[in-house]
Number of protein chains: 2
Amino acid sequence: MATKQKDTRTARVTVKDLARDLGMSVSTVSRAFYPDAIVAEKTRDAVLKRAAELGYRPNPFAQSLITKKTQIVGMVVSDLTNPFYPEVMTHLTAKLQEAGMNVMLAAANEPEKTDEAVDLLLSYQPDLVIVLAVTLSSHAQEKCENAGAPCIFFNRLSANGLGFGVSCDNEEGGRRVADFLIDSGHKNLVYVSAFPGASTNVERQNGFCRRAVERGLEAPQIIEAGYFTYEAGYSAGLKMADIPGPIDGVFCANDIVAIGFIEGVQEGLGLSVPEDLSVVGFDNITMAGWPSHRLTTIAQPLEEMMQATVELSRELARERSLAPRINRLAPGELVQRKTTMPRSPAKETPHAEC
Amino acid sequence: MATKQKDTRTARVTVKDLARDLGMSVSTVSRAFYPDAIVAEKTRDAVLKRAAELGYRPNPFAQSLITKKTQIVGMVVSDLTNPFYPEVMTHLTAKLQEAGMNVMLAAANEPEKTDEAVDLLLSYQPDLVIVLAVTLSSHAQEKCENAGAPCIFFNRLSANGLGFGVSCDNEEGGRRVADFLIDSGHKNLVYVSAFPGASTNVERQNGFCRRAVERGLEAPQIIEAGYFTYEAGYSAGLKMADIPGPIDGVFCANDIVAIGFIEGVQEGLGLSVPEDLSVVGFDNITMAGWPSHRLTTIAQPLEEMMQATVELSRELARERSLAPRINRLAPGELVQRKTTMPRSPAKETPHAEC
DNA sequence: CTGAAAGCGCTTACAG
DNA sequence: CTGAAAGCGCTTACAG
């Protein structure tokens, strides 16, 4: 009883079984599954047909032992508090699966453990790694690359500037926000910065601040939220109390920060958005369109970014030693909702205390 | 040039390399990695030490070809629109990785493709599958089980009642909501139902409605939202217009539905929450605590649920043929926020039209 | 176009 | 306690 339990599961069918069934050699059967391999068309059809009937699938472990390709894509995620990522994650996964690749996750609750998680991931020899986390130590990145798994950074660049990247033109996005606010009469701007080490944050800030100065405004003041989270945005909102001078326009590093910021400013400081100040985000997450937020924001070209990532993954799965490249997509449109309003140029700045 | 590219990556070290380096046989080296295997303690230490130095890790593919265990946990997710899941997903993944298991994802954008995704997943022979999706066809479930991968249903039961399950006592949760509303003077109740096929939905509804009747109220009316999404909740909110009689208390199948419902009712019908009606959710997702929502809700015992799932996974990774069991945890507390208020018993129901 | 053989990196009876 | 050998399920030169 304890030694041998009845095992109801159907034993997996192997090449051998299939070969015997078809009266062919194992080699021939195997070749049928590789489009580039030389087999008689008739033979291939017969094999594929019977394989489907018997539910045969090549064992990917045995396969990769030889081919050194695993069809596994590693995906490094950190905190998924930002609703931008879950969506990306599932859609990317679905698309990758359609392309025959499988996604293996590396997640860590504490940032320091990310490296460990990546180690474990690497023992499965992913063909490549997609980084959806805000942070990945360059050490971990090197490990991946040494293990033969190039890294694709989604929505940001790697810390060392190496590796593959897919993101939108965040500087241009920042400039668009500046133009939009200035065109609608805003004069005193603030940028709410999130994670300072993230290229995304830096680029948006640069585009925004430089354009403001180019157009003759004072350089926007900076509030450091520190992270890409609701809570960080909320605290940043409270910090508005310390900002000298009247402020009429705020650009937050992304939507979730903007949403937190607005609630902080309303709850904590009793200000009204957009009456007292306009707030703009970045990403256009679904929630930004909800009646409770109606956030004015820059859309990300998400579909294109994911598409580009999948294409790149296919290439890398085939040929690991591609030269790293950065894929920059045009940012999406500015979606105007209810957290911004025009400032009449004649009107005095309404709230001197903010 | 085209034939052989310079490969900078360090070749992976194998048992052979390690054995040669140590002057031992491959068998001995291999045994050192299995706590139950018989090796001299001294030998084992030496092997493990040198392995760490050389960065050796047994190749899991080669390993599983023999052991038939992969240490892979399949995770089936569908839409992650409900913020409840991303959190669960990353935390579960992190915990599983700490236990030495790796998570492979199956995701599909269209529900019909879930089966395909599961097929692909199964070719990697996961030791078990955790279902985080609202839907998984019993056909797919059978496939998993036939492939030797038992399924753990998180936060719900499987459609056929078989398989493993970890969830809280949703009926008890429903009863608590009914008691809370009735104790605070509510008399005319509605339940907003989400996906009708989900055990979670059915149980919450049963607990709520039965308790209401037990306590002498009319059976709560049902609004069918149909899904566990914001949008479904929003539409359900609009449907309040069609509900006959005055309503003062609403229990929604979960938080994201409740949030949508409230916005629908406010935006579409011009009602105020909680002044015109009280609304209660279920889950206590982070967002429920934001100033923009302040949703009264039942907390899920998330930490315990995840812990139980990880334990179960460890057991199943060791011994696949455990007898299926359902793990029911006590629901968390009712968290009272700003979407509910007491109804004075004397007061007339204020809005006859709703 | 097909088949027999070697080998990927491991584990595990089987001897010793 | 250790080692030599077989074998997991595949792919791929190498012959034919």
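Chain letters run A, B, ... following the sequence lines, proteins first and then strands; every chain starts at 1.
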Length of the CZ-P vector between R20(A) and dC10(D), whole Å
12 Å
Ignoring backbone atoms, establish whether S25(A) has a side-chain N or O less than 4.0 Å from OP1 or OP2 of dG3(C).
yes
Round to the nearest Å and state the distance from Q71(A) atom CD to dC10(D) atom C1'.
14 Å
Residues that D45(A) engages under side chain to side chain donor-acceptor pair (under 3.5 Å), provided they are two or more places apart
none
R328(A): what forms a side chain to side chain donor-acceptor pair (under 3.5 Å) with it, not counting sequence neighbours?
S167(A), E203(A)
Any salt bridge between E116(A) and K113(A), counting N to O under 4.0 Å?
no
So which of residues 29-45 of chain B are in contact with DNA chain C, with a heavy-atom cut-off of under 4.0 Å?
S30(B), R31(B), Y34(B)
Quick one: do E53(A) and R50(A) make a salt bridge, cutoff under 4.0 Å?
yes
Using the C1' atoms only, state how far dT12(C) lies from dG16(C), rounded to an integer number of Å.
16 Å
Could you state the atom-to-atom distance from CG of L22(B) to C1' of dG3(D) in whole Å?
15 Å
Applying ring-ring contact (aromatic ring centres under 6.0 Å, His included), can you list everything that pairs with Y56(B), at least two apart in sequence or on another chain?
F33(B)
Considering every strand and a 4.0 Å limit on heavy-atom distances, what is the contact class for T14(B): base, sugar-phosphate, or nothing?
sugar-phosphate
Do the side-chain N or O atoms of T28(A) get closer than 4.0 angstrom to the phosphate oxygens (OP1, OP2) of dG3(C)?
yes
When you check the phosphate oxygens OP1 and OP2 of dG3(C), does a side-chain N or O of S27(A) lie under 4.0 Å from one of them?
no
Between dA5(C), dG7(C), dA5(D), spot the one nearest the side chain of I66(A), thanks.
dG7(C)
Of all the choices, dT11(D), dT2(C), dC8(D), which nucleotide is nearest to the side chain of K16(A) once you look at every atom?
dC8(D)
Who passes side chain to side chain donor-acceptor pair (under 3.5 Å) against S123(B), sequence neighbours left out?
none
Contacts to DNA chain C from residues 55-62 of chain A, heavy-atom cutoff under 4.0 Å, which residues?
none
Report the distance from atom CE of M24(B) to atom C1' of dC10(C), rounded to the nearest whole Å.
18 Å
Test of understanding: with ring-ring contact (aromatic ring centres under 6.0 Å, His included), list the residues that count as partners of Y124(A), not counting sequence neighbours.
F61(B)
Could you note down all residue pairs passing salt bridge (Lys or Arg N to Asp or Glu O under 4.0 Å) where residues 119-128 of chain B supplies at least one of them, sequence neighbours left out?
D119(B)-K143(B), D127(B)-R320(B)
Would one find a side-chain N or O of Q63(A) under 4.0 angstrom from OP1 or OP2 of dT11(D)?
yes
By side chain to side chain contact (heavy atoms under 4.5 Å, CB included) - contacts of T28(B) (at least two apart):
M24(B), S25(B), R31(B), V39(B), T43(B)
If the condition is side chain to side chain donor-acceptor pair (under 3.5 Å), which residues does N327(B) pass it with, not counting sequence neighbours?
none
Short side-chain N/O contact to dG9(D) OP1/OP2 from K68(B), under 4.0 Å:
yes
Treating a pair as Watson-Crick (purine N1 to pyrimidine N3 plus N6-O4 or O6-N4) or G-U wobble (N1-O2 and O6-N3) with both distances under 3.5 Å, list the stems of 3 or more consecutive pairs that involve DNA chain D.
C:1-3 with D:14-16, C:5-12 with D:5-12, C:14-16 with D:1-3
d(NZ, K69(A); C1', dC8(C)) in whole Å
16 Å
Partner set under side chain to side chain contact (heavy atoms under 4.5 Å, CB included) for E311(B), not counting sequence neighbours:
Q307(B)
Are side-chain heavy atoms of V129(B) and V76(B) found at a separation under 4.5 Å?
yes
Taking the minimum atom-to-atom distance to the side chain of L65(A), which one of dA4(D), dG9(D), dG7(C) wins?
dG9(D)
